[in-house]
Amino acid sequence: MRFADLAAAYEQLESTPKRLEMRRILTELVRPLRPPELPYVLFLSQGALRPEYEAVELGVAASLARRAVARATGVPETTVAQRTESNGDLGTTAYDLVAALHRLDAGEPLTVEAVYRTLRDIAGATGAGSQDAKVDRLTDLLARASPLEAKYLVRFVLGTLRVGVREMSLLDALATAFADGSKEARGRIEAAYNLSSDLGLVATALVEGGLPALDAIRLEVGRPIRPMLAEREPTLAAILERMGGSAALEYKYDGLRVQAHLFEDGSVRLFSRRLEEISAQFPELRRALPAAVGRRPAILEGECVPIDPETDEIRPFQEVSRRRGRKHDLDVAQEEVPVCLFAFDLLLLGGEPVLHRPFPERRRLLAEALRPGEKVRLADQRIVRSLEEATEFFELALAEGAEGVVAKSLAEGSGYRAGARGFWWIKYKRDYTAGLSDSIDGVVVGGFHGRGRRAGRFGAYLLAVYDPARDRFETFCKVGSGFDDAALAELPKRLHGRERDARPEGVESGIVPDRWFEPGLVLEVRGAELTLSPVHRAAQGAVRPGAGLALRFPRFTGRIRDDKGPTEATTSKELLSMYQAQVRQATSGPPSAGAT
Ligand code: ATP
């Protein structure tokens, strides 16, 4: 495929807000493709070169990309910088500058394959002289590019490809282009993806062997599986009822979810909830795990929590998050913030996948396989058969520093559901404010200038929930409470590069902030209650025509959800069920309307 065709498809995708139309464009884009081009296009369209867990980074800073644009078009770097300053996008600058050259013959047209390979080379260049090598290769590509190709090449390199293609849309396109587009086909493709986290692998199998070939994709050590997630219920009684009268209750540790992959030779790789490799952050876990689990290869999941070395008590989660970016003084971090992994699930043991087995069996295998020590322990669990037992265990969990409990089904069908949120696991957290019992993870889509002590910074942020069915981010609150000075200084840094002058594609809001942000950063908030709102757009129309859901008295908990991407934030549907649960609980009818 010519790269020009891919760029043209991106141009079309960018200009259509309609999901069905996007799906049609994507389907037509992938239909003629075969491996190896097909995986290349799938990865490129997600703004990546390989599956996210491989963390292949291009390592091209904006200054390097500017230099390449300048060199390829023969325009001084200062001019490139100035134009970009005023139009806000180096991709647009590249488009304009290449168009102004009126190139008649740029030589051989660029192909997707050639572009992909060059980008891999750019990513692979490391060490002394690598910066120059990266600029040289990018310059070569740009010198051969049409205006549109240049625009999307530059945006890709900078990580600002705004075509809004998410993996779920790509799965839809694959199901239509290479199977019959039915729900069943889509489900099988998604299941293979949830197991392997590698769209390229799934697409290749599908094209080469049809749907049956997907069954050959297995859980493998070193390749993270998309995590199983929990539903909510408003009371422990409702949980027990849902689970048929009995359940395994476990402490809900408030830490960082870790998926540990143990290879036969004792080496270990650790992945976060969003499947980023975090091995480097926890060297002590990499050392402790092989001693703790003798039967390898193995994959287990647990929550990594800071522990007070003197009292053995669970510490606040924030202490673990401070480890971010402290690659150089990890030794200090290990001493200051020792962590413990509380293992709660087992997916593969002795090379054998066990994820399909019922939860009680997985737990038994985990307990048998694990030699608990200081750094790796088994999650506290109790089988409960009455509300009294459940309440007692919940109170014990809170007293010992957990944030609540996760109830797990004991039923025959309680196999591990990769990538799915369902009632096989139900979480129940402490009720902090006598308000909403659960926190909400909102995506930052806007910022408001602060006043007084906050002058010159953002004083509040506009947050949205995600609607996967429509692929939209819908606002539900403006939050200004709960930010300390450190957070107020940190957030703009985290949002750098996401600023937009206009409302980003896919964001729905009745409020216009001082600055828009491309959805990316996720913050955890709590609030008093959910109300109907004329200006917020979350689950709009679901309760009353025209009205969206809003969070009253929102407050930032201090926790930046680095472990979640924007599409992993709380969904509109979850917000709606939290609203419904709250209405059911209220004795005096539905909560008041009118929050903004
Ligand atoms: P939350 O913000 O409530 O942690 P989440 O969206 O990250 O939610 P959920 O699946 O909704 O994830 O809630 C379960 C989460 O609780 C897991 O992702 C995991 O990080 C954490 N957790 C802590 N202890 C346990 C446990 N014993 N079993 C399962 N998950 C646990």
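All values below come from the heavy atoms of this structure, side chains included, with hydrogens, waters and symmetry mates left out. All ligand and atom numbering here is 1-based and tracks the order in the structure.
Electrostatic pairing of Lys408 and Asp345 does not count as a salt bridge here, judged by no charged N lying under 4.0 Å from a carboxylate O. A salt bridge links Arg382 with Glu392: at least one charged nitrogen is closer than 4.0 Å to a carboxylate oxygen. Salt bridge annotation for Arg494-Glu490: present, with a cationic side-chain nitrogen under 4.0 angstrom from a carboxylate oxygen.
Counting the atoms of ligand 1 from 1 in the order shown, those under 4.0 Å from a heavy atom of Trp425 are 29 (C). Numbered from 1 in the order shown, with element, the atoms of ligand 1 that lie under 4.0 Å from a heavy atom of Tyr251 read 24 (N), 25 (C), 26 (C), 27 (N). Per-residue contacts place Lys564 under 4.0 angstrom from the following atoms of ligand 1 (heavy atoms of the residue considered): 5 (P), 6 (O), 7 (O). Here is the list of ligand 1 atoms found below 4.0 Å of a heavy atom in Ala230: 9 (P), 10 (O), 11 (O), 13 (O).
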The test is salt bridge (charged side-chain N to carboxylate O under 4.0 Å, His left out); show your working for Asp198 and Arg223 and say whether it passes. CA-CA 8 Å; Asp198 184 340; Arg223 209 168 58 192; 5.8 Å; no

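Note on ligand 1: Glu231 sits outside its first shell, no heavy atom being nearer than 4.0 Å.
Note that CD1 of Ile299 is 4.5 Å distant from CG of Leu348, once rounded to the nearest 0.5 Å.
Neither the backbone nor the side chain of Glu568 has any atom closer than 4.0 Å to an atom of ligand 1 (non-hydrogen atoms only). The parts of Lys252 lying near ligand 1 are both backbone and side chain, judged by heavy-atom distances below 4.0 Å.
Looking from atom 18 (O) of ligand 1 to the surrounding protein, the closest heavy atom is Arg257 NH1, 2.8 Å. Phe344 CD2, 3.5 Å is the protein heavy atom nearest to atom 26 (C) of ligand 1. Atom 23 (C) of ligand 1 has its closest protein heavy atom at Tyr253 O, 3.1 Å. Scanning the protein heavy atoms around atom 2 (O) of ligand 1, the nearest turns out to be Arg561 NH1, 2.6 Å.
Judged by the 6.0 Å distance and 45° axis criteria, Arg242 is positioned over the aromatic ring of Phe423.
With ring centers used as reference points, Phe517 lies under 6.0 Å from Phe458. The distance between the ring centers of Tyr428 and Phe394 falls below 6.0 angstrom.
Other residues, nucleotides and ligands place more than 12 heavy atoms under 6.0 Å from the CZ atom of Arg364.
Relative to atom 13 (O) of ligand 1, the option among Glu301, Glu250, Lys427, Arg559 with the closest non-hydrogen atom is Lys427. Which of Glu303, Glu403, Arg273, Lys408 comes nearest to atom 28 (N) of ligand 1 through a heavy atom is settled by distance: it is Lys408.
At under 3.5 Å, a nitrogen or oxygen of Lys429, whether backbone or side chain, sits near a nitrogen or oxygen of ligand 1.
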